[in-house]
Amino acid sequence: MKENKEAVELPEAEKPTLYDRIKETLAMASQLIITAPLKLPPKVVVVARYVALALGVLEAVESAAKDRREGDEE
């Protein structure tokens, strides 16, 4: 009986696009500012909250568009 000595590789995950990396970085930075234990200027915290809100809305819109595309394909 022959032994199979080929390496088994995991499928490659999709490499995140520049757009996805920017979105992730903005989300992380805004959450860091909002939850920072330091006393930050109120304007900085307000801007971070608006960025987090905008990213949440953007994610919801993208998710709805993706669901609609998948529904059209079926």
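Keep in mind that the numbers below use all heavy atoms, side chains included, and drop hydrogens, waters and symmetry copies.
- To the nearest 0.5 Å, atom CZ of residue R21 and atom OG1 of residue T25 are 8.0 Å apart.
- In this structure, the separation between CG on L40 and CD1 on I34 is 11.0 Å, given to the nearest 0.5 Å.
- The minimum heavy-atom distance linking S30 with A27 is given by the pair OG-O, 3.0 Å.
- Here the CG-OH distance, from L58 to Y19, works out to 3.5 Å after rounding to the nearest 0.5 Å.
- Counting all heavy atoms, side chain and backbone alike, I33 lies closest to V45 at CG2-CA, 4.3 Å.
- For E62 and K23, the salt-bridge test passes: some basic side-chain N is under 4.0 Å from an acidic carboxylate O.
- Of the possible polar contacts, one joining the T35 side chain to the Q31 backbone as a donor-acceptor pair under 3.5 Å is found.
- By the rule that hydrophobic residues join a cluster once side-chain heavy atoms approach within less than 4.5 Å of another member, I22 and V47 end up as members of one cluster.
- Side-chain heavy atoms closer than 4.5 Å link hydrophobic residues (I, L, V, M, F, W, Y) into clusters, and following such links, possibly through other members, connects L18 to L55.
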